[in-house]
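Input: a single structure, listed below in structure tokens.
Given the structure is predicted, the values throughout are model-derived calculations rather than measurements.
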Amino acid sequence: MKRHLIGIAAGVTLALVVSGCGKGGSSGDGDSDGKTIRFVAAKYDDDTQPYWDNLIKAFEAQNPGYQVELEVVDWEQLDSKVKTYIQTGQQPDVLNYNKFSDFARDDLIHQAKDIVSPKVLDDFLPLFADQAQYEGVQYGLPFISSARLFFYNKDIFDRARISEPPSTWAEVEDAARKVKKAGDIPLGLPLGAEEAQAEFYIWAMNNGGGWIDKSGKWTVDQQANVETLDYLRKLTKAGLTQPNPEATNRKDVFNQFAQGKIGMINGAVFMRKGFLDTVDKNLNYGVAPLPSKDGTTHNTLGVQDYLVAFKKDEGRNREAVNKFLDFFYQKENASKFLSTEGFLSVTKSAGDALSSDSAYYKPFVDALSGARFAPTDNPNWSAVEGAVKQRIGTAVSGAEPKKVLGEIQETAEKDG
């Protein structure tokens, strides 16, 4: 999934890592001049690199003597890159990622209050600041946010004689069978390694399932999750999805939808900017709440990425990091990233970046108020997420859903 923003003041070289969506270099303690920082950023699309190049150029011009070394990494490689950097002690100064709590647990990153100004801290919307805490302390800097809703192709629905988007799982299956009969791909189901954890959670949360219970106990193998995989397996076996969902990544399905080849998908707010505008601006599509098993509740998946700053160089990098991050979070810089990449704001000041396009963004903004998030504040989430990405798709292609979820549950409890 796409899965952010950063800023700092004059005279610094910064290295930032962006996840979910960059790459970073490293320097060991004692080899930094205190004014050069490494920034590893995630690649959301082809506009990501130019955005950061221009921002860094402006930052360095306003802060003589400071420099930022940028590495942009594709989301599909980001997890392995970050893991390698941590294991070899080559973590960047700044990283943008979709996880942070394991870094906080291991005392690898600074608290948020130590790397940005009080003005920036106060600008974060409470919904996202709360999700950036570990054991009651904020470590992550909210970067961007996204919400998921149900996208459907109106022309394909017309050909299949479907008048309304489905609200229940039974209606999804019925619509899928009609679309298949009309000759189109019914449902996009991306359970490949890029973001399988998000796709599965969208379906599971709308069946009363999820990752943890109210006490924080892991419940990956709960019955609601088994039922969810059984349902997705049924759709796959009936040929109501694209071929080989277990090997299909989100960006592939999003692109096929933009080409008018798929009838229904669980889509994201950045769909229009990242796919529809570049493939077919005239695609006749609609957006609806995510279907649920019983049709009475329609939970939305909320996603946010973070910026984190690693402790290194005996603290010599902190002033430069602070300057750069504060620079990024200036209203004009943060809002420019949002409009460039098509995300939702995590700050009060940048929120007006969406005002000129409120008709498109309003359903996603409204959905965020009741959105559910992955348990990124749990340090074990990294291991669980990795296991889900690698294994969940096998449950629709051959392996038994209950067995697959049981194996992931063991991973959660082992690392917990």
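- Atom CG of Asp46 has 12 or fewer heavy atoms from other residues, nucleotides or ligands within 6.0 Å.
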Lys362 and Asp366: salt bridge (Lys or Arg N to Asp or Glu O under 4.0 Å), yes or no, with the steps?
CA-CA 6 Å; Lys362 187 178 187 305; Asp366 291 346; 2.6 Å; yes
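- Counting only distance, with no hydrogens or angles, the side chain of Asn249 and the backbone of Glu194 share a donor-acceptor pair below 3.5 Å.
- For the pair Phe270/Ser146, a side-chain contact is recorded, criterion being any heavy-atom separation below 4.5 Å from C-beta on.
- Summarising the geometry of Gly188 relative to Val253, their closest heavy-atom pair is CA-CG1, 3.7 Å, with the distance given to 0.1 Å.
- The neighbour count for Gln259 CD, taken as heavy atoms of other residues, nucleotides or ligands under 6.0 Å away, is above 12.
- Side-chain contact check for Asn299 versus Leu290: every heavy-atom pair is 4.5 Å or farther apart.
- Although no hydrogens or angles enter the test, the distance criterion places no donor-acceptor pair under 3.5 Å between the side chain of Lys99 and the main chain of Asp377.
- Residues Trp203 and Val172 are in side-chain contact: their nearest non-hydrogen atoms beyond the backbone lie under 4.5 Å apart.
- Distance CG/Leu108 to CG/Asp106: 5.0 Å, rounded to 0.5 Å.
- The side-chain heavy atoms of Phe327 and Leu55, taken from C-beta on, include a pair separated by under 4.5 Å.
- Listed here is the closest heavy atom pair of Val404 and Ala399: CG2-CB, 3.6 Å.
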For a side chain to side chain contact (heavy atoms under 4.5 Å, CB included) check, start with the C-alpha distance between Phe151 and Arg272, then their side-chain angles and the critical distance, and finish with the verdict.
CA-CA 11 Å; Phe151 283 62; Arg272 191 182 67 175; over 6 Å; no
How far apart are the C-alpha atoms of Phe200 and Trp211, what are their side-chain angles, what is the distance that settles it, and do they pass the ring pair (Phe, Tyr, Trp, His ring centres under 6.0 Å) test?
CA-CA 11 Å; Phe200 171 72; Trp211 308 113; 5.7 Å; yes
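- Taking each heavy atom of Gly210 and Asn225 in turn, the nearest pair found is O-ND2, 2.8 Å.
- For Asp184 (side chain) and Lys261 (main-chain N/O), no donor-acceptor pair under 3.5 Å exists by modelled atom type.
- For the pair Lys389 and Ile392, the minimum side-chain heavy-atom distance is 4.5 Å or more.
- Taking the side chain as every heavy atom from C-beta outward, Leu344 and Leu338 never approach each other to under 4.5 Å.
- Within 6.0 Å of NZ on Lys181 lie no more than 12 heavy atoms contributed by other residues, nucleotides or ligands.
- Tyr134 and Phe100 have their aromatic ring centers separated by at least 6.0 angstrom.
- Although no hydrogens or angles enter the test, the distance criterion places no donor-acceptor pair under 3.5 Å between the side chain of Arg372 and the main chain of Gly302.
- Here CZ of Phe150 is found 6.0 Å from CG of Leu187. Values are rounded to the nearest 0.5 Å.
- Side-chain atoms of Gln304 come within 3.5 Å of backbone N or O of Phe128 as a donor-acceptor pair.
- Salt bridge Asp221/Lys402: absent, no basic N to carboxylate O contact under 4.0 Å.
- Interatomic distance, Thr411 OG1 to Glu385 CD, rounded to the nearest 0.5 Å: 13.0 Å.
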Please determine whether side chain to side chain contact (heavy atoms under 4.5 Å, CB included) holds for the pair Glu227 and Asn207, giving the CA-CA distance in whole Å, both sets of side-chain angles, and the decisive distance to 0.1 Å.
CA-CA 8 Å; Glu227 292 174 357; Asn207 186 35; 3.4 Å; yes
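- Under a 4.0 Å N-O distance rule, the pair Glu332/Lys336 does not qualify as a salt bridge.
- Under the 3.5 Å distance criterion, the side-chain polar atoms of Tyr231 are matched with a main-chain donor or acceptor of Trp169.
- In terms of modelled atom types and a separation under 3.5 Å, the side chain of Asp74 and the main chain of Glu76 share a donor-acceptor contact.
- The structure places CZ of Arg105 at 9.0 Å from CG of Asn378, a figure rounded to the nearest 0.5 Å.
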Apply ring pair (Phe, Tyr, Trp, His ring centres under 6.0 Å) to the pair Phe254 and Phe275, showing each step before the final yes or no.
CA-CA 7 Å; Phe254 283 7; Phe275 295 87; 5.4 Å; yes
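- For the side-chain hydrogen bond (donor to acceptor under 3.5 Å, both in side chains) condition, the pairs that include at least one residue of residues 171-180, sequence neighbours left out, are Glu173-Arg177, Glu173-Lys234, Asp174-Lys178.
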Apply side chain to side chain contact (heavy atoms under 4.5 Å, CB included) to residues Tyr85 and Lys81 and explain how you reach the verdict.
CA-CA 6 Å; Tyr85 286 144; Lys81 278 277 188 179; 4.0 Å; yes
Side chain to side chain contact (heavy atoms under 4.5 Å, CB included) assessment of Ser145 paired with Leu368
CA-CA 9 Å; Ser145 66; Leu368 268 180; 4.0 Å; yes
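- Closest of all the heavy-atom pairs between Thr347 and Phe124 is CG2-CD2, 3.8 Å.
- Between the OG atom of Ser292 and the CD1 atom of Ile202 there is a distance of 13.5 Å, given to the nearest 0.5 Å.
- Without hydrogens or angle criteria, Gln111 side chain to Gln138 main chain gives no donor-acceptor distance under 3.5 Å.
- Here the shortest heavy-atom pairing between Asp102 and Ser382 reads OD2-OG, 3.0 Å.
- Salt bridge Asp123/Lys331: absent, no basic N to carboxylate O contact under 4.0 Å.
- Of all heavy-atom pairs between Gly295 and Thr168, the closest is CA-CG2, 3.6 Å.
- A salt bridge links Glu400 with Arg233: at least one charged nitrogen is closer than 4.0 Å to a carboxylate oxygen.
- Side chains of Ile56 and Val68 form a contact here, defined as non-hydrogen atoms less than 4.5 Å apart.
- Within the 3.5 Å criterion, the main-chain N or O of Thr340 finds a donor-acceptor partner in the side chain of Lys273.
- Using modelled atom types, one finds no donor on one side chain facing an acceptor on the other under 3.5 Å when comparing Asp213 with Thr219.
- The aromatic rings of Trp381 and Trp218 sit parallel, their planes meeting at an angle under 30°, below the 60° perpendicular limit.
- Here the CG-CG distance, from Leu189 to Leu235, works out to 7.5 Å after rounding to the nearest 0.5 Å.
- Residues Pro245 and Glu199 are not in side-chain contact: their nearest non-hydrogen atoms beyond the backbone lie 4.5 Å or more apart.
- Residues Asn153 and Asp155 have side chains that never bring a donor and an acceptor to within less than 3.5 angstrom of each other.
- Taking the ring centroids of Tyr152 and Phe157, they lie under the 6.0 Å cut-off.
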Do Tyr139 and Tyr306 pass the ring pair (Phe, Tyr, Trp, His ring centres under 6.0 Å) test, and can you show the C-alpha distance, the side-chain angles, and the key distance before you say yes or no?
CA-CA 9 Å; Tyr139 286 86; Tyr306 309 90; over 10 Å; no
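- No donor-acceptor pair closer than 3.5 Å links the side chain of Gln242 to the backbone N or O of Ile185.
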